[in-house]
Amino acid sequence: MPASIVILTGAGISAESGVATFRDKEGIWSRYDYRQVATPEGFAANPELVHAFYNDRRSQMRNVAPNAAHFALARLEREHPGSVLLVTQNIDDLHEQAGSHNLIHMHGELAKALCAQCGARHEWRTELSTQIACPSCGQAGGLRPDVVWFGEMPYHMERIYEALSSCDLFLSIGTSGSVYPAAQFVDEAGRAGGRTVELNLEPSDNVYNFDEAFHGPATRIVPDYVQRLLAGKL
Ligand code: APR
């Protein structure tokens, strides 16, 4: 039984909850230009377009719920005798709703707003716009979704690399492995001697970097993998 487990999740783990992925057919980036809605330059050029993009995703969050894969990872954290760190690229809060606690949102959180003027962060589950004043500094126009855009540094990287450097098992779930630095976590874990496993609907871009891979819908393969892991069968 591995002592310390690090798990990386991507949009694929929320797909069966009804949350769109990015690079699948009909994915978000087939309908929006990421440069306009997910970069600091895009926000500077047209903040209201960016707010509309995230307001739409924020309102969708009200109609989705965690699925069996989210609940399986929360069970793993509860029942595994060693440490389990869950690093998600997702900005939804489905892992929290499923009961995961030891969790890092490396790309930020849709349910939070960040004031670019004063740096304050606020829980935010309603619409954002340039007209809304920051509750801390009172200035309008500076509030943005607290999400990490392309070209920005993901959050908590030091803590993530520290965990990867000493993990016994690294699980990558529901991610295409096409965005760095997350796509490199498998190499970090492997270099540290950790066993690396991909759990995805289909082989990801870097499937060959993993020791093992299981493919299928997350709601089937993740609960099954967690059950076998906890039963000491892996
Ligand atoms: N079960 C398991 N995996 C699935 C399922 C499913 N039901 N549906 C889709 N997938 C897999 C796809 O095969 C794909 O490999 O999930 C992956 C989703 O890949 P992307 O859409 O690229 O999403 P992700 O890897 O999370 O993107 C990483 O890119 O755009 C940025 O910031 C954004 O966090 C995001 C990052």
Side-chain angles (χ1 to χ4, degrees), residues 1-14 17 19 66-112 121 146-148 152-200 204 206-207 209-214 218-219 221-232 234:
M1 174 76 82
S4 71
I5 302 174
V6 175
I7 304 166
L8 172 70
T9 60
I13 199 167
S14 298
S17 293
V19 181
N67 63 52
H70 297 104
F71 286 114
L73 296 186
R75 177 191 173 207
L76 182 61
E77 179 185 316
R78 266 195 320 275
E79 298 180 17
H80 177 59
S83 69
V84 176
L85 174 66
L86 175 50
V87 179
T88 188
Q89 300 173 93
N90 300 339
I91 58 177
D92 64 53
D93 63 352
L94 297 178
H95 283 305
E96 291 89 331
Q97 287 186 47
S100 287
H101 299 288
N102 197 16
L103 170 64
I104 291 176
H105 278 276
M106 64 179 287
H107 288 169
E109 297 175 68
L110 193 52
K112 287 206 175 116
R121 280 185 165 83
D146 185 15
V147 299
V148 176
E152 295 183 322
M153 180 53 83
Y155 294 156
H156 308 297
M157 291 308 295
E158 212 172 298
R159 190 173 151 215
I160 295 169
Y161 281 124
E162 200 182 307
L164 290 168
S165 68
S166 59
C167 76
D168 301 298
L169 177 64
F170 173 70
L171 304 180
S172 176
I173 302 174
T175 180
S176 60
S178 48
V179 172
Y180 287 79
Q184 221 158 16
F185 289 177
V186 56
D187 303 328
E188 297 294 326
R191 258 198 291 280
R195 184 163 180 65
T196 57
V197 183
E198 172 177 280
L199 296 157
N200 206 53
S204 71
N206 56 4
V207 66
N209 299 352
F210 288 86
D211 296 318
E212 212 173 2
F214 297 91
T219 54
I221 63 173
V222 176
D224 173 58
Y225 188 88
V226 166
Q227 173 59 36
R228 287 188 293 135
L229 186 63
L230 290 173
L234 286 172

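Fair warning: this is a prediction, and the values are worked out from it, not measured in the lab. Numbers here simply count residues along the sequence, with the first being 1.
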Please determine whether side-chain contact (heavy atoms from CB on, under 4.5 Å) holds for the pair V186 and F170, giving the CA-CA distance in whole Å, both sets of side-chain angles, and the decisive distance to 0.1 Å. CA-CA 7 Å; V186 56; F170 173 70; 3.9 Å; yes
Check: [X] side chain, [Y] main-chain N or O, donor-acceptor pair, under 3.5 Å:
X	Y	answer
N102	V84	yes
S14	V19	no
D211	T196	yes
E109	D92	no
N206	A183	yes
E77	H101	yes

From [atom1] ([X]) to [atom2] ([Y]), nearest 0.5 Å:
X	Y	atom1	atom2	value
L199	L171	CG	CG	6.0 Å
I7	L103	CD1	CG	10.0 Å
Q89	I104	CD	CD1	12.5 Å
T175	I13	OG1	CD1	11.0 Å
S204	I173	OG	CD1	12.5 Å
H80	L73	NE2	CG	13.0 Å

So that I can tick it off, tell me whether D224 and R228 are bridged by a salt bridge, with the cut-off set at under 4.0 angstrom between side-chain N and carboxylate O.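 Yes, R228 and D224 are salt-bridged.
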No-hydrogen, no-angle side-chain donor-acceptor test under 3.5 Å, [X] and [Y]:
X	Y	value
T88	H107	no
N67	T219	no
S100	H70	no
H105	E96	yes

Over all heavy atoms of both residues, which pair between [X] and [Y] is shortest? Give the atoms and the distance, please.
X	Y	result
S166	S4	O-OG, 2.9 Å
A74	G99	CB-C, 3.7 Å
C167	A189	SG-CB, 3.8 Å

For the residue pair [X] and [Y], establish whether any side-chain heavy-atom pair is separated by less than 4.5 Å.
X	Y	result
F185	S172	no
N90	T9	yes
P181	Y161	yes
Y155	D146	yes
E188	S165	no
M157	M106	yes

Given L76 and L86, is the side-chain contact (heavy atoms from CB on, under 4.5 Å) satisfied, shown in steps? CA-CA 10 Å; L76 182 61; L86 175 50; over 6 Å; no
Can you name the side-chain hydrogen bond (donor to acceptor under 3.5 Å, both in side chains) partners of R195, sequence neighbours left out?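 R195: side-chain hydrogen bond (donor to acceptor under 3.5 Å, both in side chains) contacts with E212.
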Go through the structure and list residues passing salt bridge (Lys or Arg N to Asp or Glu O under 4.0 Å) with E162, not counting sequence neighbours.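 Scan of E162 (salt bridge (Lys or Arg N to Asp or Glu O under 4.0 Å), adjacent residues dropped) gives none.
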Report the C-alpha distance between I5 and L229 in whole Å, list the side-chain angles of each, state the deciding distance to 0.1 Å, and finish with yes or no for side-chain contact (heavy atoms from CB on, under 4.5 Å). CA-CA 11 Å; I5 302 174; L229 186 63; 3.9 Å; yes
